[in-house]
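So the structure is just underneath, and the comments pick up after that.
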Amino acid sequence: MKYQRPKGTADILPGASAKWSYVEDTARLLFNDYQFHEIRTPMFENFEVFSRSAGDTSDVVTKEMYDFHDKGDRHIALRPEGTAGVVRAYVENKLYAPEQEKPYKVFYMGPMFRYERPQTGRTREFHQIGVEAFGSDSPAVDVEIMAMAMDFFDHLGLTKLKLAVNSLGDKETRDAYHKALVDYLEPHFDELSEDSQARLHKNPLRVLDSKDKKDQEIVANAPSILDYLTPAAQTHFDTVKQMLEALKIPFEVDSTMVRGLDYYNHTIFEIETNADVLGHGWMTICGGGRYNGLVEELGGPETPGFGFGLGMERLMLLLDDLETKTPIETPLDVYVVGIGDETNVETLKLVQAIRRSGFSADRDYMNRKPKAQFKSADRRDARFTLTVGAQELENQTVHFKSMQTGDETTLPMDAIYQDFASVYDKYMEE
């Protein structure tokens, strides 16, 4: 039998994995600068965590969820996104308690799972980086998080970015817009797709987000939610725009951008790039927004939140396509060459001593001749070689050579064991 990885998954091999780690490390460092701290939640949750947060009629719940009953007959689902698990953890651990600093700011990264048709940049096991901030209604939180997302992409060397923003207003805004949208769409009911017909009265905003071409033609002339903002919602959105301008972050208002879930409110945003990596023009690489009611939906107190998520697979495709240079180094400081079986133990001890001094080191494990070992050191760009043979063992010395300059010398073995850092620094300077 020929074993292959499951459809819609990928092996991230050495080399590629170094770039993934660099992107993740960049996120950790930058998000910590903004005082967001990492949270890690389970890769599977009770099914209801996702069905309540995503909505029973969403494609994620009805078509894409990896769900099953475990041996205790509990209905379990692999996480299809990160926010719901973070909110569940926020509620379960009472992170809303008065003594907690507000807003409570966290970020997450890791694998997610959706059963959908695999395509470039979209897999069944995929990886997300996301952030959430709980407890503040301030538009400054909206702007800080959007600025952090833009800052992250800037650190990765991405250009040609566009920040698009919109407002979904407050509950009064949504109620008024809901009625106006239904009034507009009802005369077109028979022309709508089957999915949009089912959603028209339950959640008409989802019709605006339909991928069906006929639906898109119909909603092109639908009323704009910005015409229904209450004074309070308008003030919030105006403040967001003023703050973005104050930070000199270019943005566009896109009144057609929506979120299908009822708990989204006020500011929503997307970051797009026009790099043609997936064969089309502008491509969304990050999306997020403000939500109220999700914490309450999962059993906590009414709590405002704001966050975003971005897909790692799509981001890595973009970095590869743009040939973005990432400062990834996995240098080999020292290759220890052993000549003869009798040096086997000593070379292992030397390699470990060098590593304990904070340097990278390796040796031969294939019983190769000295010439092949030196070739391996050269092929791997080792900075130094350290050679031990029978004579060196007897004299308790090592032969030390700079691969860059060709300079070589004999050193006492104790110099390696007692203070290799000084040896390294001395010969690097030369």
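In this text, all values refer to a predicted model and were calculated from it rather than measured experimentally.
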Please tell me whether [X] and [Y] have a donor and an acceptor in their side chains that are separated by less than 3.5 angstrom.
X	Y	result
Glu48	His75	no
Asp170	Thr173	yes
Glu125	Tyr66	no
Tyr34	Asp151	yes
Glu132	Thr83	yes
Asp142	His266	no
Asn166	Ser255	no
His399	Glu408	yes

Could you check whether any side-chain N or O of [X] sits under 3.5 Å from a backbone N or O of [Y], counting only pairs where one atom can act as donor and the other as acceptor?
X	Y	result
Arg5	Thr9	yes
Gln128	Gly130	no
Asn46	Val49	no
Arg259	Gly288	yes
Asn203	Arg199	no
Asp11	Leu13	no

Salt-bridge criterion met for [X] and [Y] (N-O under 4.0 Å):
X	Y	answer
Arg206	Asp195	no
Glu191	Lys214	yes
Glu252	Lys162	yes
Arg79	Glu45	no

Just jot down the salt bridge (charged side-chain N to carboxylate O under 4.0 Å, His left out) partners of Arg383, sequence neighbours excluded, or say none. Asp333
Please list, chain by chain and in numerical order, all residues satisfying salt bridge (charged side-chain N to carboxylate O under 4.0 Å, His left out) with Asp73, sequence neighbours excluded.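 Asp73 satisfies salt bridge (charged side-chain N to carboxylate O under 4.0 Å, His left out) with no other residue.
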Mark yes when over 12 heavy atoms from residues, nucleotides or ligands other than [X] sit less than 6.0 Å from its [atom1]; otherwise mark no.
X	atom1	result
Arg368	CZ	yes
Tyr115	OH	no
Phe44	CZ	no
Gln119	CD	yes
Met428	CE	yes

Salt bridge (Lys or Arg N to Asp or Glu O under 4.0 Å) pairs, two or more places apart, involving residues 296-311: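 Listed once each, the pairs are Arg52-Glu297.
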Any pair with a residue in residues 99-112 that passes salt bridge (Lys or Arg N to Asp or Glu O under 4.0 Å), sequence neighbours left out, goes on the list, sorted by first then second residue, please. Lys105-Glu144
Below 6.0 angstrom between ring centroids: does that apply to Phe36 and Phe107? no
Phe134 ring center within less than 6.0 Å of Tyr90 ring center: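 Judged by ring-centre distance (under 6.0 Å), Tyr90 and Phe134 do meet the cut-off.
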Using a 4.5 Å cut-off on heavy atoms from C-beta on, say whether the side chain of Ile76 contacts that of Phe47. no
Is there side-chain contact between His155 and Leu29, with at least one heavy-atom pair below 4.5 Å? no
Could you name each residue pair satisfying ring-ring contact (aromatic ring centres under 6.0 Å, His included) that touches residues 369-390, not counting sequence neighbours?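 Qualifying pairs, neighbours excluded: Phe384-Phe400, Phe384-Tyr424.
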Before giving the answer on salt bridge (Lys or Arg N to Asp or Glu O under 4.0 Å), spell out for Glu116 and Arg124 the whole-Å C-alpha distance, their side-chain angles and the decisive distance to 0.1 Å. CA-CA 6 Å; Glu116 53 186 347; Arg124 290 177 175 174; over 6 Å; no
Sort out for me which residue in Gln373, Arg363, Gln352 forms a side-chain hydrogen bond (donor to acceptor under 3.5 Å, both in side chains) with Thr347.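 Among the candidates, only Arg363 passes.
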If a pair satisfies side chain to side chain donor-acceptor pair (under 3.5 Å) and one of its residues is in residues 13-31, list it, with sequence neighbours excluded. Lys19-Asp320, Arg28-Glu38
Under the criterion side-chain contact (heavy atoms from CB on, under 4.5 Å), I'd like the reasoning laid out for Ile225 against Leu168: C-alpha separation, chi angles, the key distance, then a yes or no. CA-CA 7 Å; Ile225 195 168; Leu168 298 180; 4.1 Å; yes
Taking the six-membered ring for Trp, are Phe308 and Phe269 parallel (under 30°), tilted (30 to 60°) or perpendicular (over 60°)?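 Geometry flag for Phe269 against Phe308: perpendicular rings.
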Result for side chain to side chain contact (heavy atoms under 4.5 Å, CB included) between Ile218 and one of Val207, Asp212, Leu185 points to Leu185
Would you check, one step at a time, whether the test side-chain contact (heavy atoms from CB on, under 4.5 Å) holds for Gln35 with His37? CA-CA 6 Å; Gln35 286 298 286; His37 305 292; 3.6 Å; yes
